[in-house]
Amino acid sequence: MEQRRSFIKDLLQSTDVDRDINAKGWVRTKRGNKQVAFVALNDGSTINNIQIVIDIANFDEDQIKNITTGASISVNGTLVKSMGKGQSVEIQAKEIKIYGTADPETYPLQKKGHTLEFLREIAHLRFRTNTFGAIFRIRHAMSFAVHKYFNDRNFYYLHTPIVTGSDAEGAGEMFRVSTLDMKNPPKTEDGEIDFSEDFFGKETNLTVSGQLEAELGATALSNVYTFGPTFRAENSNTPRHLAEFWMIEPEMAFYDIDDDMDLAEDFLKYLIKYALENCKDDLEFLNKMYDNELIERLNSVVENKFERITYTEAIDVLLKADQKFEFPIKWGSDLQSEHERYLVEKYYKKPVMVSDYPKIIKAFYMKQNDDGKTVRALDVLFPRIGEIIGGSQREEVYEKLLDRIKEMGIPEKDMWWYLETRKFGTVPHSGFGLGFERLILFVTGMSNIRDVIPFPRTPKNAEF
RNA sequence: UCCUCAGUAGCUCAGUUGGUUUAGAGCACCUGACUGUUAAUCAGGGGGUCGUAGGUUCAAGUCCUACCUGGGGAGCCA
């Protein structure tokens, strides 16, 4: 009878030895001599490999030859206590089946390390490295933790549209969605492209944010969140931006800006704590290989209260700073990266939540303060990352919201559905957006956002 | 998009102020040695139109121009 396959993660933790088992996976390395060969096997269930011991006398020579780095195999054998150092258990092989060989001359992954830049060019194979195995296991764990956090707190997961007919979010350039013949599009009488002929009968784009739709859900379900892909056609070439990225956007009825801040802080701490508790091996690997202060930094974020300051207080701190900034700071201008970095890394030395920004530099939907100058906006600034969360209390007063829409030249007719929530049973409400990949950057200690999403979409790059 | 650095073997790099016949090294790979290895070790071997296209020069991996690709920084933001 075929032995049932065990995951390597479970085998390595097992104390029940001298029993027959089956393991399947991909060969990481093989070494040895004429008598015995040692194969390090990995199946993705853990960063750790299990050692397969092969008595060469008992196997066909050609078969052993084909067990090379990258080959996929199934091993029947006995789980035994290891005679060597470095592992407590290993598999004494009885029978090996090779599913697929990997020609050592052309298989691009070798035993020794590769640069992250090179691995990006072979994104289809980089999952097979320790680094990317660790990153994507952590990414999964964080994704799961997001749902768990909200589910346990009476939030509903709301699926907002990917294709949107509203271009009013103002969160950046959008990707057009169209089925028109680009070489010969239908034209109106004035020579413009006639989008009434298009699939949806109007101009449509990929979403840049699910926030406005999430607000609609929150005005009935109380607490909702979105977690989906968003798209920005900005020509941003930085280690912190993607054209396609995942965003988490909770939206809460009856929340003011302080409630919003409480949730943001609690949420971030929960996620980081979840990683510390559930991704120990992977974090230790990343800590050792990429960022010696990673685990220490994660712990410090979980243990310390975030600093909460207003934009105006932030400006005061920056004006008194004993440091020259490339961009001089003044009230009314947005904080530049160098300013954010000073506040987080030099002055407070912990995450900082900045609120109440000048309304002229923020979006139309943010709740206006009584001073007439500021809005209840909220940015959470993290060490190394900068802005990890952007949010606000939303303007719930119909007239004030309409004024801002007019002032900022947003097409009012496209916003009728959004405005109606302020006409019928309007409530104070708040929300924020968390860039999922930026969270993963922080948690893994990676420095380029292209390394924390399986298949990064960036300007001039949509391979795979 | 702007500034800046880089592109030489499968990978990571060296290649001096342009000039010593076939452009080097380490790792990887192949062959051999070794009774249990831990990124094993040791010996030998194969492997390169020097990112692309022009240009300067008696002579270009090396200098100039444009473009492409990648890194870092900035802007936009999450």
Side-chain angles (χ1 to χ4, degrees), chain A residues 28-40 48-57 65 68-70 80 82-87 90 92 102-122 129-130 169-173 208-211 226 229-249 264 289 325-327 334-338 340-341 361-363 378-382 385-391 432-442 447-453 458-461 463:
Chain A
R28 284 295 173 79
T29 66
K30 184 177 72 174
R31 42 178 185 269
N33 52 46
K34 263 185 179 162
Q35 284 71 38
V36 61
F38 301 94
V39 170
N48 300 305
N49 304 323
I50 196 158
Q51 175 157 281
I52 316 292
V53 183
I54 302 171
D55 247 317
I56 288 181
K65 216 172 165 181
T68 58
T69 302
V80 295
S82 179
M83 288 162 64
K85 285 172 189 157
Q87 61 277 322
E90 62 191 18
Q92 189 69 47
D103 176 15
E105 290 280 358
T106 49
Y107 186 62
L109 293 173
Q110 53 188 48
K111 294 180 195 176
K112 293 214 172 178
H114 290 102
T115 58
L116 296 169
E117 290 81 14
F118 172 68
L119 292 172
R120 245 168 255 156
E121 294 168 10
I122 51 166
T129 63
N130 288 333
E169 285 97 337
E173 289 296 309
V208 293
S209 160
Q211 180 201 313
T226 75
T230 47
F231 307 87
R232 308 237 171 128
E234 301 284 349
N235 191 9
S236 297
N237 292 287
T238 86
R240 294 182 310 282
H241 291 85
L242 290 164
E244 175 183 297
F245 65 100
W246 289 67
M247 193 151 60
I248 298 144
E249 295 173 291
M289 299 302 285
F325 294 113
E326 191 189 335
F327 296 92
D334 209 352
L335 301 180
Q336 307 290 323
S337 327
E338 55 175 341
E340 297 179 351
R341 229 175 291 126
I361 58 172
K362 289 292 180 182
L378 156 70
D379 280 0
V380 182
L381 310 179
F382 256 39
I385 309 294
E387 186 180 342
I388 195 166
I389 275 181
F432 60 79
L434 168 67
F436 188 54
E437 283 76 17
R438 290 200 179 161
L439 171 77
I440 306 301
L441 269 185
F442 184 75
S447 45
N448 193 314
I449 201 161
R450 299 167 191 210
D451 295 328
V452 298
I453 186 166
T458 53
K460 300 274 184 293
N461 193 347
E463 193 67 50

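Keep in mind it's a predicted model, so treat the numbers as computed, not measured. Order of the sequence lines sets the chain letters (A, B, ...), proteins ahead of strands, with each chain counted from 1.
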Exercise. Mind checking A:Leu439 for me? I need base, sugar-phosphate or nothing, with any heavy atom below 4.0 Å counting as a touch.
Key: nothing
Quiz item: Between the base of B:G10 and the side chain of A:Gln110, is there any donor-acceptor pair under 3.5 Å?
Solution: yes
Exercise. Figure out the CD1/P separation between A:Ile122 and B:G10, and round it to whole Å.
Key: 14 Å
Quiz item: Any idea which heavy atoms bring A:Pro108 and A:Ile122 closest together, and the distance?
Solution: CB-CD1, 4.1 Å
Exercise. Would you mind classifying the nucleic acid contact of A:Met83 as base, sugar-phosphate or nothing, using non-hydrogen atoms under 4.0 angstrom?
Key: base
Quiz item: Under 3.5 Å, side chain of A:Arg438 to main-chain N/O of A:Glu387, donor-acceptor pair present?
Solution: yes
Practice problem: Measure distances between side-chain N and O atoms of A:Ser236 and base N and O atoms of B:C77, and say whether any donor-acceptor pair falls under 3.5 Å. | Solution: no
Quiz item: So, do A:Phe245 and B:A78 meet the stacking rule of ring centres under 5.5 Å and planes under 30°?
Solution: yes
Quiz prompt | Donor-acceptor pair under 3.5 Å, A:Arg232 side chain vs B:A78 base | solution = yes
Quiz prompt | Side chain A:His241 and base B:C77 donor-acceptor under 3.5 Å | solution = yes
Quiz item: On a plain distance test, is the side chain of A:Asn237 in donor-acceptor contact with the base of B:U1 below 3.5 Å?
Solution: yes
Exercise. Pick the P atom in B:U1 and in B:G48, then give their distance to the nearest Å.
Key: 37 Å
Self-check item: Pairing stems for RNA chain B [at least three consecutive pairs; Watson-Crick or G-U; under 3.5 angstrom]
Solution: B:1-7 with B:68-74, B:10-13 with B:24-27, B:29-33 with B:41-45, B:51-55 with B:63-67
Quiz item: What closest approach, in Å, do A:Glu437 and A:Phe245 show between heavy atoms, and which atom pair accounts for it?
Solution: OE1-CB, 3.4 Å
Quiz item: A:Pro239 side chain: which of B:G75, B:U37, B:G72 is closest?
Solution: B:G72
Quiz item: Excluding sequence neighbours, so at least two apart, what forms ring pair (Phe, Tyr, Trp, His ring centres under 6.0 Å) with A:His114?
Solution: A:Phe118
Self-check item: Nearest-Å distance for atom pair CZ/P, residues A:Arg31 and B:U37
Solution: 10 Å
Quiz item: Touch check for A:Gln51, heavy atoms < 4.0 angstrom, all strands: base, sugar-phosphate only, or nothing?
Solution: base
Quiz item: Closest nucleotide of RNA chain B for A:Lys460 versus for A:Leu335: which of these residues is on the 5' side?
Solution: A:Lys460
Quiz item: On a whole-Å scale, what distance lies between the C1' atoms belonging to B:A14 and B:G26?
Solution: 11 Å
Exercise. Classify the nucleic acid contact of A:Phe118 as base, sugar-phosphate or nothing, counting any heavy atom under 4.0 Å across all strands shown.
Key: sugar-phosphate
Quiz item: Will you find, in the side chains of A:Ser209 and A:Glu249, an N or O donor that is under 3.5 Å from an N or O acceptor?
Solution: yes
Quiz item: With distance as the sole test, does A:Asp379 use its side chain to make a donor-acceptor pair with the main-chain N or O of A:Leu381 at under 3.5 Å?
Solution: no
Quiz item: Quick one: is B:G72 close enough that its OP1 or OP2 comes under 4.0 Å of any side-chain N or O from A:Arg450?
Solution: no
Quiz item: When we call it a touch if two heavy atoms are under 4.0 Å apart, what does A:Gly433 touch: a base, just sugar-phosphate, or nothing?
Solution: sugar-phosphate
Quiz item: Reckon A:Ile388 touches a base, only the sugar-phosphate, or nothing at all at heavy-atom distances under 4.0 Å?
Solution: sugar-phosphate
Practice problem: Could you check whether A:Lys65 gets within reach of a base, just the sugar-phosphate, or nothing at all, counting any heavy atom under 4.0 Å? | Solution: sugar-phosphate
Practice problem: Provide, to the nearest angstrom, the distance between the CZ atom belonging to A:Arg240 and the C1' atom belonging to B:G72. | Solution: 11 Å
Quiz item: Under 4.0 angstrom, heavy atoms only, what part of the nucleic acid is A:Arg28 near: base, sugar-phosphate, or nothing?
Solution: nothing
Self-check item: Partners meeting salt bridge (Lys or Arg N to Asp or Glu O under 4.0 Å) with A:Arg120 (sequence neighbours left out)
Solution: A:Asp451
Quiz prompt | Sugar-phosphate, base or nothing in reach of A:Pro104, heavy atoms under 4.0 Å | solution = sugar-phosphate
Exercise. Could you check whether A:Thr230 gets within reach of a base, just the sugar-phosphate, or nothing at all, counting any heavy atom under 4.0 Å?
Key: nothing
Self-check item: Between B:G51 and B:G70 - C1' atom distance, rounded Å
Solution: 11 Å
Quiz item: Is there a side-chain polar atom (N or O) of A:Gln336 under 4.0 Å from OP1 or OP2 of B:A74?
Solution: no
Quiz item: Which part of the nucleic acid, if any, lies within reach of A:Ser82 when heavy atoms closer than 4.0 Å are counted: base, sugar-phosphate only, or nothing?
Solution: base
Exercise. Between B:A33 and B:U8, how far apart are the C1' atoms? Round to whole Å, please.
Key: 34 Å
Exercise. Using a 4.0 Å heavy-atom cut-off across all strands, classify A:Gln87 as base, sugar-phosphate, or nothing.
Key: base
Quiz prompt | Gap in Å between the two C1' atoms, one belonging to B:G7 and one to B:C67, rounded | solution = 14 Å
Quiz prompt | No-H, no-angle donor-acceptor pair, A:Glu90 side chain to B:G36 base, under 3.5 Å | solution = yes
Practice problem: With C1' as the reference atom in both, quote the distance from B:G15 to B:C30 in angstrom, rounded to an integer. | Solution: 28 Å
Quiz item: Once you round it to whole Å, what is the distance between P of B:C77 and CZ of A:Phe382?
Solution: 21 Å
Practice problem: Classify the side-chain pair A:Arg232/A:Thr230 by whether it contains a donor and acceptor separated by less than 3.5 Å. | Solution: no
Quiz item: So which heavy atom on A:Ile56 is nearest to which on A:Asn33, and how close?
Solution: CD1-O, 3.2 Å
Quiz item: Which pair of heavy atoms, one from A:Ile385 and one from A:Arg240, lies closest together, and at what distance?
Solution: O-CD, 3.4 Å
